[in-house]
Structures are given as structure tokens and as C-alpha cells.
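Below is one structure, written out as C-alpha cells; the observations come after it.
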Amino acid sequence: MKFAGSHILSIEQFERQDIERIFDVADMMIPYAHRERVTKVLDGAILGNMFFEPSTRTRVSFGCAFNLLGGEVRETTGFESSAIAKGESLYDTARVLSGYSDVIVMRHPASGSVAEFAAASRVPVLNGGDGANEHPSQALLDLYTIRKELQHQGRNDLDGLRIAMIGDLKYGRTVHSLCKLLCLFERVSVTLISPPELAMPQDLVERLREAGHSVFQSNVMEDSLAHIDICYSTRIQEERFADRAEADMYRGRYRLNQAIYTAYCEPNTVIMHPLPRDSRVEANELDNDLNDNPNLAIFRQADNGVLVRMALFAMVLDVVDQVDKNARDVNWYTERRF
Ligand code: NCD
């Protein structure tokens, strides 16, 4: 696909070679994200970072990614601080705000809303999550992490991957986008573990099968954990339920801790989660006793988000070849403890 000037709304836009290109550019960003080098390639550019749903990682990492390329970030958070609360349409908001920015990232609770906004925007729009529909940048950083973690184990091929996705697969937009992304690869084995009421939407299961992948569905976690490379846990998406009591019925249904990991997983199984993990006692989907497990990749996954988002900005704003030309070494103390 042509990245320059394009919206990034769905994984469906990509072919496999696009993914390889994004990952190559993300690798190029490592010295900047690790604060060894500074680039000013987006000096003067403005990102409109519009988040109409709670967010920590996605919002801050998109903002940091833009800053690390030398650009400035203007942020809108929540409907209450926006004229949408006065009845302004997405169309009008897009027409106005795209006049103030060079690129926009948007998160919104309604499926399809970011595409609707993008249709009226005069600048590229990146989908930061639209309801239960998609979260394309998360799926990209998830797959980038999977590739890196497996490379670390000496495996250089994503084809033949064995992955389990656990939890709220009905409303979890990260797993929806990840399933679409896996369809670009070959011979993937996907184990979907959820309560039957929160199963992966059938159209996505069919897509995986049409891509030639093996799909197993179960509502029991432990026995499904053997023979997998990646264990991808998710949070019950309580904000998508009619009421909290309904979400409470499922919270805590699947809890992974070190004892279960030792008993059921292969020694190298990588543990992932888009975060936030729900650490309240009634949920505790990934126990804190996994924090010292070297295969717990959740924080490396969050770090990788900056690289992938820098890559997307550089590609959409067409500055990939200029990044290194506008760079210098940092001049402050940058050693990190982790
Ligand atoms: C996810 C999201 O918002 O879809 N988080 C994220 O972006 N890293 C998952 C979640 O909130 O559970």
C-alpha cells in the first residue's frame, strides 16, 4: 500500500509486505526510542491526539512517538472537554481539527467512528481504537513483539506460530485486529479461550480458517496452554457491557499465575497482554507473581508500541528517508535501570 498521506484505520488495509516494511522502519527507530539519538525530522509538525475513551499507553505512546520525531502534540481527552458534548458532529469536528494538525490519532467508543471522522478529515487519521471493532496499531506492536520474542529464542519465522488468546474475545478490539493480521501469515494455530458468551466473533473465526489456519475454541484455560508459543491474555471489556454486574460474571474466570504457568506451559511460552491488566483481586488475570518470569513480555510489548507508532508516523508523513539526516546524539544521561 501507499503509506504517504494515508489513513490507518484497519488491518484490512495491509498486505504482508506492508507489515515487513513497518517492522523494518520500527527497527530503524530503536536508537531514538532508546534515547541514544535525537531526530528533528518532524520539527514544526502537529499531532492532534484525540482520545474520547480512557487510555494510558496508546495515548501517551502515540504522543511520545511524535515527540521523539521532533513534532508537537495537542491533546483532547474525553467528550466533556470537547464541543462534541455540545452536539457537534464527527464531520464538523474532523473538518475543524484537521485544519489545526498535520496528522490525527483518534480513539472513540463507537465502532466505525474513526473511519467516519477520517472521511471528513483533511489530514491522515490513525485509528487508536474504535469501540470493539479494531485497534490496528496495537495488533502491529503485538506482532512486532511476537517476532522479537521468538527471534530471541532463535526462531526467525512467524509462519507456523502457535498462539492462545484468552478472555473477552467478543469485545476485545486488540484480538480482533490481531486475528486479521495473522491471516497474512501461514500455518498459524490459534487457540481461542473464552466463556461461550464472550467468544471470538464468528466472521473472524471463519477468516482465520479461510487463511488455512487451525482454530481451536475452548472455555477452559489450563489444558489449552500446552504446546503454544504465545499466551495472549486480555481484560474483560467492562465498558462494553450493559452493566457492571454482567461484566462481574466473567471477571476472574481466567487467571494465569506462575504455578499454572509452570504446570501447563512450555518453558519458553511468551506471556503477552495489551494492558491494562486488571489487577483487582476479583480479576487478577495475570498475577504479579509472574513479574519475575523472563517470558513475561508485557512491558517490552508496551515499549515496542513507541517504535511501531514512530514508524507509522514516519511512513504516513513520508519522512522515513530523512529521519537519520536530521539526527544527532543525545547530550543528557540516558542509562536506564530496566
Ligand atoms: C486495549 C484497548 O484499549 O483496546 N488497551 C490498549 O490499547 N493497550 C485493551 C484494554 O483496554 O483492555
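Quick caveat: nothing in here was measured; it's all calculated off a predicted structure. Ligands are counted one by one from 1 in listed order, and the atoms in each one are counted from 1 as well. All heavy atoms count here, side chains included; hydrogens, waters and symmetry mates do not.
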Which of Val60, Asn67, Leu141, Leu68 passes side-chain contact (heavy atoms from CB on, under 4.5 Å) with Val306? It is Leu68
The atoms of ligand 1 lying under 4.0 Å from a heavy atom of Thr58, numbered in the order shown, are 6 (C), 7 (O), 8 (N)
Item checked: Derivation of the ring pair (Phe, Tyr, Trp, His ring centres under 6.0 Å) call for Phe62 and Phe313 -> CA-CA 9 Å; Phe62 264 121; Phe313 285 133; 5.7 Å; yes
Ligand 1 to His135, heavy atom cutoff 4.0 Å, flagged ligand atoms 2 (C), 4 (O), 6 (C), 7 (O)
Taking the non-hydrogen atoms of Ser55, is any one of them nearer than 4.0 angstrom to ligand 1?
no
### Query
What is the ring orientation for Tyr171 with Phe241, classed by angle as parallel under 30°, tilted 30 to 60°, or perpendicular over 60°?
perpendicular
- Task: Tell me, please: is Gly129 in heavy-atom contact with ligand 1, that is, under 4.0 Å?
- Result: no
Residue, atom and distance of the protein heavy atom nearest atom 4 (O) of ligand 1 read Arg173 NE, 2.7 Å
Looking at Arg235, Glu53, His176, the heavy atom closest to atom 12 (O) of ligand 1 belongs to Arg235
Which of Leu178, Ile230, Thr191 passes side-chain contact (heavy atoms from CB on, under 4.5 Å) with Met165? It is Leu178
Correct closest heavy-atom pair for Val114 and Gly129 would be CG2-O, 4.3 Å
Worksheet item: So, does Tyr261 use its side chain to make a donor-acceptor pair with the main chain of Pro267 at under 3.5 Å?
Response: yes
To atom 6 (C) of ligand 1, the nearest of Asp130, Leu275, Asp142 on a heavy-atom basis is Leu275
Query raised in the report: Do ligand 1 and Glu239 have nitrogen or oxygen atoms that lie under 3.5 Å from each other?
Result: no
